[in-house]
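The structure under discussion appears below in the form of structure tokens.
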Amino acid sequence: MSVFVVNCGSSSLKWSVIDVASGSTLGSGTVQKVVDHAAALADVLSVAPLDDVVAVAHRVVHGGERFSAPVLINDAVVAAIRDLSVLAPLHNPANADGIEIALKALPGVPHVAIFDTAFHTTLPPRAYTYAVPRAWNVRRYGFHGTSHAYVSREAARVLGRPVADVNVIVLHLGNGASASAVAGGRSIDTSMGLTPLEGLVMGTRSGDVDPALVLHLRRTHNLSTDEIDAVLNSRSGLLALAGDNDMREVQRRVQAGDRAAELALDVYCYRIRKYVGAYLAALGGADAIAFTAGVGENDPVVRARSLAGLQRLGIEIDAARNEAGETVISPDRSPVAVLVIPTNEELEMATQAAAVIAR
Ligand code: ADP
């Protein structure tokens with residue numbers, strides 16, 4: 001029994017076929033620079049091992065307030081995903097296009113939508129409410145939910161304790177990056193907000209800025225809304241500070257004595273440390289801090305610098321374990337376990353889709 005997992009982005013199509021029982025990947029691939037989604041999917045269907053596929057799982061970025069769990073896709077669901085495009089103009093239209101094309105190409109199996117926002121629908125009002133007029137009807141949602149769900153559960157497994165008994169801070173540091181505070185398996189706070197722009201410093205996104213920055217840019221630089229959007233989402237973060245959005249290249253420049261890259265790394269890690277402090281307070285203490293995604297899984301320098309100086313809070317990293325990238329990188333009997341847990345969003349999506357069709 002396998003699930004065909006599809007992540008149809010604006011310019012790429014990522015796919016994999018996952019055997020749910022064993023968790024193994026039977027096939028996977030990425031088509032970059034996609035112009036024609038239908039043609040790209042047709043190519044994928046000709047090579048993907050689809051014989052035992054019982055469901056198609058589609059990643060959808062924004063589920064708004066409408067979707068708090070995975071759902072079986074029908075016309076109304078696709079229409080609702082399109083309606084939410086105003087909150088995710090880059091992602092939701094591409095996600096909906098991908099779904100419609102796949103529905104036509106694979107009509108014989110159920111299709112399930114998995115939302116990046118769903119895991120965070122447990123946020124309490126105090127965490128999701130912006131202090132702005134209610135009539136605006138805006139709130140924080142949070143993203144990367146599939147990863148935060150998977151990694152927080154894995155953290156409990158590594159600790160050998162029931163999910164319901166542990167508090168975990170998850171640091172998902174990929175090209176996009178977000179932190180979450182997970183209490184007993186429920187997300188109670190997360191760093192991304194109405195859109196994925198809020199929070200940590202990312203490859204090309206600024207993360208937190210004073211919202212008046214936008215007004216300032218309009219007034220003094222005469223920039224349009226679309227220009228400001230493009231700069232904050234695509235030309236900020238590490239790219240703006242260090243000249244490259246890839247942390248490997250930033251680290252190379254730091255090694256070579258590049259002071260801009262050094263500052264970028266410092267800003268990046270300091271932002272993470274502040275969120276860790278905030279989430280320790282939100283949770284009233286954590287059992288584990290889990291690093292995941294491209295940077296979190298592979299960069300010992302970022303891990304060490306992000307948690308430096310937190311010994312008084314029970315947080316410490318063992319240098320040798322960190323360098324080796326072991327699963328537990330804190331010293332034995334450290335009050336807060338620091339973990340490196342590879343995320344597996346495809347497996348999580350396949351598992352969730354299988355659960356939906358079994359209902
Ligand atoms: P995405 O967020 O696109 O899903 P990933 O989670 O795979 O992507 O993260 C991609 C990022 O991870 C890259 O942009 C790169 O900066 C970073 N990365 C990958 N490998 C390493 C490494 N060995 N050291 C530091 N950073 C890395």
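Note that the numbering runs from 1 along the sequence shown for the chain. Predicted model only: the values in this text are computed from it and were never measured. Order of appearance sets the numbers: ligands from 1, and atoms from 1 within every ligand.
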Let me see the working for Ser22 and Asp19 under side chain to side chain donor-acceptor pair (under 3.5 Å), right down to the final yes or no. CA-CA 6 Å; Ser22 69; Asp19 179 75; 2.7 Å; yes

Mind listing the side-chain donor-acceptor pairs of residues 157-180 below 3.5 Å, one per line with the distance, residues two or more places apart or on another chain?
unit_1	atom_1	unit_2	atom_2	d
Arg157	NE	Glu154	OE1	3.3
Arg157	NE	Glu154	OE2	3.2
Arg157	NH2	Glu154	OE1	2.7
Arg161	NH1	Asp287	OD1	3.4
Arg161	NH2	Asp165	O	3.4
Asn167	ND2	Leu283	O	3.4
Asn167	ND2	Gly285	O	3.1
His172	ND1	Ser147	OG	2.8
Asn175	OD1	Asn245	ND2	3.4
Ser178	OG	His144	ND1	2.8
Ser178	OG	His148	NE2	2.8
Ser180	OG	His148	ND1	2.7

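Between Asp97 and Arg82, at least one side-chain nitrogen of the basic residue sits less than 4.0 Å from a carboxylate oxygen of the acidic one, meeting the salt-bridge criterion.
In terms of the ring pair (Phe, Tyr, Trp, His ring centres under 6.0 Å) criterion, Phe119 has no residue partners (sequence neighbours excluded). With sequence neighbours excluded, the residues forming a side chain to side chain donor-acceptor pair (under 3.5 Å) with Arg59 are Asp116, listed by chain and number.
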Can you pull every nitrogen or oxygen pair between ligand 1 and the protein closer than 3.5 angstrom?
unit_1	atom_1	unit_2	atom_2	d
ligand 1	2 (O)	Asn175	N	2.8
ligand 1	6 (O)	Gly294	N	3.0
ligand 1	12 (O)	Val295	N	3.4
ligand 1	16 (O)	Asp246	OD1	3.1
ligand 1	16 (O)	Met247	N	2.7

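For His62 and His91, the gap between ring centers reaches or exceeds 6.0 Å.
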